[in-house]
Structure formats: C-alpha cells, structure tokens
K.L.:
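First, the structure itself, so that you have it in front of you.
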Amino acid sequence: MPGPLTGIKIIEMVGLGPCPFAAMMLADMGAEVIRIDRKTKPGADNPFPMLGTKFDVMARGRRSLALDLKKPEAREVVLKLVEQADILIEGFRPGVMERLGLGPEACQARNPKLVFGRITGWGQNGPLAQAAGHDLNYIALSGMLHAMGRAGTPPSPPLNLVGDFGGGAMMLAFGVVCAALEAKSSGKGQVVDAAMTDGSALLGAMMYGLRAFGSWSDAREANMLDGGAPFYDTYACADGKFLSVGAIEPQFYAQLLELCGASDPDFQKQWSVKRWPELKAKFAALFATRTRDDWCALLEGTDACVAPVLDMAEAPHHPHNAARASFIEIEGVVQPAPAPRFSRTAPAAGQAAAAPGQHSAAVLADWGFEDDSIEALKNAGVI
C-alpha cells in the first residue's frame, strides 16, 4: 500500500473506539499495522457483531493475528513482534498491558526504540485514571461539552467525534508519529500518553482564549460559533431539510443578504448582539420560504458561505465530494476516503476489515517465525 508511512511497522492491540480509529489512520497512510486480536472459542457470544466484518470500517487496511493472551507463549509472540516494530498502540485501562506482561518496560527491554502509544479516557494517572467512562464523560470534564447545545436545554452530545476520535485517536496518531520521528535521531523510544479529556480540552484552545479575552460567554447559544449568531447557524427550509449558514465576515454577510433579497434594514445590524434573537427569527422565516435545494441553487458556491446539511446517504453523492473522491467503496461499503491528501505519496485505503485471526499464520511467517514454530503455536492453541 502506498503512502507517506510506508515502511513503518505498527502493532495494534485491538480494542474499541479510538485505538482502532488511530490504527486506521496510520494504515491509511501506508504503515504496516498488525492487529493483535484476542483468540476466542468458536461459537462464543459476540456482543459487537459488526466487528470483524466488512462493515467495520475502522478496521480496514490491516491484517489480523489472533492470540490467546492468557497463554505465556502468546506473550512471547508479541514480544518477538515488538523487536521488529516501530510503534505499538493500545487502548486498555492503565495496568492491563502490565498484567499481561506487555507493558512499556517489558516491550522496550526488547526494543529500546519502540514507541509505546497508550490511549485512555482519563489518562495513565490522576484520580480518575482507573474509572470507567465514555466520550461524553471525557468531553464533559474538558469544559467543551458545556458549550454545546441550545439555550435552556441540557448540553448536546456531539456524537463521539470530539472525545473518541478528535481529542483521542487523532492525538494518539499524531503523538506516536512525533515520537517515532524523534526516535530516528535519539535511538530511544518513549511512552505516549493520549488522554481523551486532554485532547478534547486542546481542541477547545480557541474558545479558552476567547473566554479569557472576554469574548466568550459560558451561556449556550450566546456566542458567535455556538448557534447564538444569526449568521452562523442552521435553518429549516420549506421541505424540512436544513441549510448551514456561516457568513461571519462583513463582505460575506453582505453577499448573503444581497443574494437572498433580504432588504429589511434590521439585517444590517449584524453585530448587534442584543438583536441576534430577532434576526435569527427573521432569517428562519426567510429560509422557510424555499426548499433546501432551491437555496443551494442560488447560494452554493458563492461567498455567502452556505452549504446544504446533508445526511450520510446524500453526502457521498454531492458533486464536490464526488469530484474529490472524498468517499470510497470497499466490498460494497461506502466509507470516507483516507485524508489528508499528499501530492507525491498518495495513500490508498486497503482491504476491508479482517476477521479476527484471519492472517495469523501469514503474519507470523512474514515477521520471521519458522514453520515449525507456527505449527507448535497452533497445536498449543496460542493462535
């Protein structure tokens, strides 16, 4: 697989959510990522039936080696793989890898250059480190969840994009690549501690700066970027579909008014915060007079900063997304394409998700295990 990370070898200790997403990003960029799945008994209950199928988009592009990690031989298999790896990533609670005999100390004893990436909700230390939690809890602690949602209502969960994937997986992927670059010069690996609550707070850096400056209110739907401003919000159209409007700059706002035929002089009071509720009502009435697609025919592609709010069935077919090939199809499953774009080492998504253990023998052979050793591991029930 081409890509800027071609030649980098990564071990992924399979978990849920952010760790697989980070591994997908790294594999999309051309790294060889080997998934270490837990070996389960045939017929065992699967609480997540999508996993290990072609619909498990976050598992694309990797081969799977399934091991019974309760067996000491499995620990030795992982450590032998570690000897050749540049990076290992895991997303278990603090201490789990140590109890398996696969913590940073054990792994880096075999490979001092290894970057050991760890992702958790709360981080490797602190009062909450051992507590269970999910995306919503982590962004709640960061201060960011409080800012999301409409006035007079509880904060709105922003899917699990902010904690799991933005503040978590992307920070982990960024961190381990940074550490791997440093290891090229120092010859030393290190541990990367990616906490979703830390990363979610970092995503709010601009808002924290605005608040310190006095330009951000803790009240929801009272600020320029949280739905408080009439020129930065979504509006229902005549057909029940929605339009996004983001005309912040005065020249863009002026073009929005001109193209919409909004001649009411009240619309000129763009930055009169006290008038924002009134102006929002006026915009709502205006956009309700036409269908979403009629508004797009008039406004999309101009500097009025307007775009349709597409659902996941519509998004892959939008002309802009189609022109950029922003979505791809693997074994009949439409999914987002690798990002970002590279001018020379263009990445390409690989195969669909592998079933757990689908490539066990092949992975071991490719990473230098002899045939008799692989057969012995099979006979022992390790793989």
K.L.:
So, is the end of the Arg290 side chain (NZ or CZ) under 6.0 Å from the ring centre of Tyr235 and within 45° of the ring's axis?
P.N.:
no
K.L.:
Is Asp37 salt-bridged to Arg63, going by a charged N under 4.0 Å from an acidic O?
P.N.:
no
K.L.:
Answer yes when Glu331 and Lys54 have at least one side-chain N-carboxylate O distance shorter than 4.0 Å, and no when they do not.
P.N.:
no
K.L.:
Checking side chain to side chain contact (heavy atoms under 4.5 Å, CB included) for the pair Trp216/Met206: CA distance, chi angles, key distance, verdict?
P.N.:
CA-CA 10 Å; Trp216 189 273; Met206 184 179 78; over 6 Å; no
K.L.:
Show, in sequence, the C-alpha distance, side-chain angles and deciding distance for Asn137 and Trp122, and conclude whether the side chain to side chain contact (heavy atoms under 4.5 Å, CB included) test is met.
P.N.:
CA-CA 9 Å; Asn137 311 123; Trp122 309 114; 3.9 Å; yes
K.L.:
Do Ile11 and Met13 come close enough that some side-chain heavy atom pair is under 4.5 Å?
P.N.:
yes
K.L.:
Is the closest side-chain donor-acceptor distance between Arg60 and Gln335 under 3.5 Å?
P.N.:
yes
K.L.:
Restricting to non-hydrogen atoms, name the atom on Asp164 and the atom on Asp135 that form the minimum distance, rounded to 0.1 Å.
P.N.:
N-OD2, 2.6 Å
K.L.:
Please determine whether a side-chain nitrogen of the Lys or Arg among Glu76 and Arg110 lies less than 4.0 Å from a carboxylate oxygen of the Asp or Glu.
P.N.:
yes
K.L.:
Any chain of hydrophobic side-chain contacts (each under 4.5 Å) joining Trp271 to Leu210?
P.N.:
yes
K.L.:
With distance as the sole criterion, is a donor-acceptor pair present between the side chains of Thr291 and Asp294 under 3.5 Å?
P.N.:
yes
K.L.:
Look at the aromatic rings of Trp276 and Phe231 and report parallel, tilted or perpendicular, splitting at 30° and 60°.
P.N.:
perpendicular
K.L.:
For Lys282, is there an ion pair with Asp264 - N to carboxylate O distance below 4.0 angstrom?
P.N.:
yes
K.L.:
Testing Gln84, Glu32, Glu83 one by one against Trp367 for a side chain to side chain donor-acceptor pair (under 3.5 Å), which residue passes?
P.N.:
Glu32
K.L.:
If you measure from the Lys or Arg side-chain nitrogens to the Asp or Glu carboxylate oxygens, is any gap between Asp86 and Lys113 under 4.0 Å?
P.N.:
no
K.L.:
Between Phe287 and Phe283, what is the ring plane arrangement, given parallel below 30°, perpendicular above 60°, and tilted in between?
P.N.:
parallel
K.L.:
Treat each ILVMFWY residue as a node, draw an edge where side-chain heavy atoms are under 4.5 Å apart, and state whether Ile139 and Phe165 are in one component.
P.N.:
no
